[in-house]
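Before anything else, here's the structure in question.
Reckoned from all heavy atoms, side chains included, excluding hydrogens, waters and symmetry mates.
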Amino acid sequence: MAKTQLGARVDEDVAELARKRAADLGLSVGDYLARLVQDDASGLRARSVTAAARFLADHQAVFDEAEQAQQASRGAHAA
């Protein structure tokens with residue numbers, strides 16, 4: 001597939017995040033951005049967010065219990 005060059009202006013902190021994340025994934029910045037666009041256009045990102053929200057809603061009580069237990073143990077050690 002032929003490649004086309006795009007230009008975009010973003011804040012330096014966004015550019016640095018893109019560089020770091022691309023490096024973490026072993027991708028060039030261009031390939032990383034292409035992946036993001038493809039995921040967004042395919043609906044993958046929206047489905048992932050929906051699935052994560054559903055997971056949290058279904059299991060919120062477990063997270064709440066763990067957080068309360070952690071806070072209680074911190075309080076016990078502070079005394």
Proximity of Phe55 and His59 rings by center, below 6.0 Å: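 Yes; His59 has its ring centre under 6.0 Å from that of Phe55.
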Determine whether Leu25 and Arg35 make a side-chain contact, defined as any pair of heavy atoms from C-beta on separated by less than 4.5 Å.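 In short, these two side chains touch, coming nearer than 4.5 Å.
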Applying a strict under-4.5 Å side-chain criterion to I, L, V, M, F, W and Y, I'd like to know whether Val29 and Leu36 cluster together.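 Same hydrophobic cluster.
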Look at Arg21 together with Glu16 and state whether they make a salt bridge at an N to O cut-off of under 4.0 Å.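 No salt bridge links Arg21 with Glu16.
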For Gln68 and Asp64, does a side-chain donor sit closer than 3.5 Å to a side-chain acceptor?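 Their side chains do not contain a donor-acceptor pair, so the 3.5 Å distance test is not met.
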Minimum heavy-atom distance Tyr32-Ala18, with the two atoms named: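 Heavy atoms of Tyr32 and Ala18 come nearest at CD2-O, 3.9 Å.
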To the nearest 0.5 Å, what is the distance between CD on Glu67 and CD on Gln60?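 These two atoms lie 8.5 Å from each other.
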Only counting residues at least two apart or in another chain, list the ones meeting side-chain contact (heavy atoms from CB on, under 4.5 Å) with Asp58.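 Per chain and number, Asp58 pairs via side-chain contact (heavy atoms from CB on, under 4.5 Å) with Arg54.
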For a quick test of reading the model, state the closest non-hydrogen atom pair linking Ser28 to Ala22 and the distance between them.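 Result for this residue pair: O-CB, 3.8 Å.
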Main chain of Ser42, side chain of Arg47: is a donor-acceptor contact present, judged purely on distance under 3.5 Å?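 Such a contact is found between Arg47 side chain and Ser42 backbone.
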